[in-house]
Each structure stands twice: as structure tokens, then as C-alpha cells.
Amino acid sequence: QVQLVESGGGLVQAGGSLRLSCAASINIFSFNAMGWYRQAPGKQRESVATITRAGSTNYTESVKGRVTISRDNAKNTVYLQMNSLKPEDTAVYYCKSERWWTEELRTYWGQGTQVTVSS
């Protein structure tokens with residue numbers, strides 16, 4: 001069983017910072033990719049940042065320069081450092097991972113953590 005547990009969300013004022021954590025129940029090297037997604041009320045879930053097993057990263061344009069995804073393999077944890085937060089960053093943030101398993105690409109999701117940015 002694969003479990004992803006997010007933490008670090010909360011209420012922050014515009015311009016502030018938060019660091020989200022995603023702790024996996026297995027070695028994160030098992031995943032070919034991990035990432036952070038977010039879903040705001042009334043909107044589709046969107047990718048925020050991803051990191052591959054090789055360490056390549058990608059960010060959605062709206063967060064570039066403000067957000068950094070990183071990982072600590074020893075702790076089986078992926079982080080999302082968010083700076084200069086804006087009200088439009090308000091959303092539930094989800095950790096996502098994927099791995100090949102029995103010739104199938106399987107996707108796993110965390111329960112989500114709420115990020116609220118006040119103006």
C-alpha cells in the first residue's frame with residue numbers, strides 16, 4: 001500500500017511563505033515522478049510543480065520564480081516551498097506520485113492540504 005501524507009498548509013497573508021511537505025510510505029526513488037497539484041473552488045485541478053526520478057523539474061507559469069519543488073530521498077519526502085504568495089494561490093494542494101507496477105502506470109494521491117492566502 002502506498003500512502004502520501006501532505007502537511008504544512010494553513011493561512012498566510014499575501015506576500016508570505018509556506019513550505020508544504022509530502023511524506024511517502026515507500027522509498028520515493030520507486031516513483032518515476034512526483035508532483036504537487038492544486039484545486040481552487042470551481043476550478044479544475046492543475047499541476048503546480050513536478051520532479052522526476054532524475055531530478056528534472058517543471059513549474060506552471062503562474063508560480064515560476066515563487067515556488068520550488070525539492071526532495072529528500074533519505075526522508076522519502078517531497079517539498080514545495082512557496083514564497084510571495086498571492087490570494088489566487090488559495091487552493092487545496094495535493095501530492096501526486098506515479099510508478100510502474102505490473103506493466104501499468106499507477107497514480108497515487110495524498111489527501112490534500114488547504115492553503116489560504118488572505119489579501
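Note that this is a predicted model, so its numbers are computed, not measured.
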Rounded to the nearest 0.5 Å, what separation is found between the OG atom of Ser70 and the CZ atom of Arg19? 8.5 Å

Using the rule that two of Ile, Leu, Val, Met, Phe, Trp, Tyr join whenever any of their side-chain heavy atoms come within less than 4.5 Å, decide whether Tyr37 and Val78 are in one cluster. no

Yes or no on side-chain contact (heavy atoms from CB on, under 4.5 Å) for Asn32 and Leu105, after CA distance, side-chain angles and deciding distance? CA-CA 10 Å; Asn32 57 282; Leu105 185 62; 3.8 Å; yes

Assess Arg45 against Tyr94: is NZ or CZ under 6.0 Å from the centre of the six-membered ring, and within 45 degrees of the ring's axis? yes

Can you tell me if Tyr59 and Lys64 form a side-chain donor-acceptor pair at under 3.5 Å? no

Would a single hydrophobic cluster contain both Phe31 and Tyr79, if residues Ile, Leu, Val, Met, Phe, Trp and Tyr are joined by side-chain heavy-atom contacts under 4.5 Å? no

Tyr108 with Ile51, same ILVMFWY side-chain cluster at under 4.5 Å: yes

Do the non-hydrogen side-chain atoms of Thr60 and Ser47 ever get within less than 4.5 Å of each other? no

First locate atom OG1 of Thr68, then atom CE of Met82, and finally report the distance between them rounded to the nearest 0.5 Å. 11.0 Å

Run the salt-bridge test on Glu46 and Arg38 with the 4.0 Å N-O cut-off and return the result as yes or no. yes

Does either side chain, that of Thr77 or that of Asp72, offer a donor lying less than 3.5 Å from an acceptor on the other one? no

Might you work through the side-chain contact (heavy atoms from CB on, under 4.5 Å) test for Ser21 and Glu6, ending with a clear yes or no? CA-CA 5 Å; Ser21 298; Glu6 302 100 329; over 6 Å; no

